[in-house]
Protein chains: 2
Amino acid sequence: MAHPKLSNEDLIGKVADVFRREGYEGASLSRISEATGLEKASLYHRFPGGKNEMVAAVVNHVNQWFQDQVFTPLERSGKPTEKVRFIAQRLREFYADGSKSCALDTLSLPGGSAALHEAVRGSLTAWLQAFTGVAREDGASGAEARERAEQAIIEIQGSLVLARVLGDCKPFHRTMDRLPELLTGARE
Amino acid sequence: MAHPKLSNEDLIGKVADVFRREGYEGASLSRISEATGLEKASLYHRFPGGKNEMVAAVVNHVNQWFQDQVFTPLERSGKPTEKVRFIAQRLREFYADGSKSCALDTLSLPGGSAALHEAVRGSLTAWLQAFTGVAREDGASGAEARERAEQAIIEIQGSLVLARVLGDCKPFHRTMDRLPELLTGARE
DNA sequence: GTCTATAGCTTGATAGAC
DNA sequence: GTCTATCAAGCTATAGAC
């Protein structure tokens, strides 16, 4: 065929890249069209609900990735510190060594529906919960575990902002290196 | 007069609020017009260069604020730890206790000119330099001081992202409380 | 399933009255 | 210095051919 169907997996990945990089308002259909190679009308065939449905699919896609690559591995049996080392590697991949922004950051800017912002908040809550879980497993009390989880995600988000502004990935790598001690003690 | 001139100080402050909150692409002239009470044509009278000149003025305005309220106080004589406690209070005001976003975050999204992104990078570099300076004054070596500065700004940026997503300012307040130990040792 | 063409609205920007 | 009125370009979204 001249225009073979683009697989759903490839499509949503490319759409997600645009929303992650540009945020909701910056992710215009023209840019999404350019990034995916599909014309706008074709995008509406795949996402009849338009931009709202696209960004919802992006959030679901990212949630699924975190479930499979981060949350589930953390719930498996094994030494907490080693599991955190493992998922730190997954996060390096997800953020392309710090060169890609976090959707929680870019999609939390004011643009988009209230449902979008609730979904984004839900994603962050799930992430906090997963990190709190592994900190508890390491022996931290409830409050201490929650604090470690918040601290770890704060440093991930902050280092990604620095990386974007400076065009320098070193702060992100340093944070990933420190992730095991951030979550599983050895901090104080 | 029916329409008295809005003072430059008031105007730029309101314009800055919009750009900080919405980012470059989200800060449409309609929203700026609504926030300032000036029609679009009046905005062009004040900023003949249009949106580009507006955002440049915002960056200058923020730079000036940081110079006066953060960098200069850090350069004055006094105990480093006490100076950091002082500027932490200024930062709480600037970020409205964590409820306002950082312009470095929102304005570093892809929208806007290359000059804008270079200016934003310059602002962050100046901030890093000021924080590195006070860490050195506290006795840290060059590399250690720079690391403390990066770490402090990472945690500020990260806690502001969490605050925006969750609508919860506690992580930001915790970071402000920890700022003295982050910059002036007592960390390890 | 993809495309071209188009509708209606919003955007950044300008002209000209007061 | 502010306003109303307007423009061309970009936006989201839809209709209909292949």
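We name chains A, B, ... by the order of the sequence lines, and we start the count at 1 in each one.
- In summary, B:Arg31 and B:Asp17 do not engage in a salt bridge, as defined by a charged side-chain N under 4.0 Å from a carboxylate O.
- Atom NE2 in B:His45 sits roughly 16 Å away from atom C1' in D:dT4 (whole-Å rounding).
- In this structure, A:Arg90 pairs ionically with A:Glu93, as a charged nitrogen and a carboxylate oxygen lie closer than 4.0 Å.
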#### Entry: Audit row: A:Leu182, A:Phe131, side chain to side chain contact (heavy atoms under 4.5 Å, CB included) steps and yes/no
CA-CA 10 Å; A:Leu182 278 171; A:Phe131 272 13; over 6 Å; no
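- Rounding to the nearest 0.5 angstrom, the gap separating the CZ atom in A:Phe66 from the OG1 atom in A:Thr72 is 12.5 Å.
- Between the CD atom of B:Glu39 and the C1' atom of D:dT4 there is a distance of 8 Å, given to the nearest Å.
- Between B:Lys170 and A:Glu150, none of the side-chain N atoms (NZ, or NE/NH1/NH2) sits under 4.0 Å from a carboxylate O, so this pair counts as no salt bridge.
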Sort me out a list of protein N/O and nucleotides 12-18 of chain C N/O pairs below 3.5 Å, or just none if empty.
| from | atom 1 | to | atom 2 | distance (Å) |
| --- | --- | --- | --- | --- |
| C:dG12 | OP1 | B:Lys51 | NZ | 2.8 |
| C:dG12 | OP2 | B:Leu29 | N | 2.6 |
| C:dA13 | OP2 | B:Tyr44 | OH | 2.4 |
| C:dA13 | OP2 | B:Lys51 | N | 3.1 |
| C:dA13 | O5' | B:Tyr44 | OH | 2.7 |

### Derivation and outcome, side chain to side chain contact (heavy atoms under 4.5 Å, CB included), residues A:Gln157 and A:Ile153
CA-CA 6 Å; A:Gln157 296 298 325; A:Ile153 297 182; 4.1 Å; yes
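- Atom CD of B:Glu22 is separated from atom P of C:dT11 by 11 Å (rounded to the nearest Å).
- Straight-line distance from the CD atom of A:Glu53 to the C1' atom of D:dT12: 14 Å, rounded to whole Å.
- Atom pair B:Arg31:CZ and D:dC11:P shows a separation of 15 Å (rounding to whole Å applied).
- Residue contacts for A:Gly37: at a heavy-atom cut-off of 4.0 Å it reaches the sugar-phosphate backbone alone, with no base atom in range.
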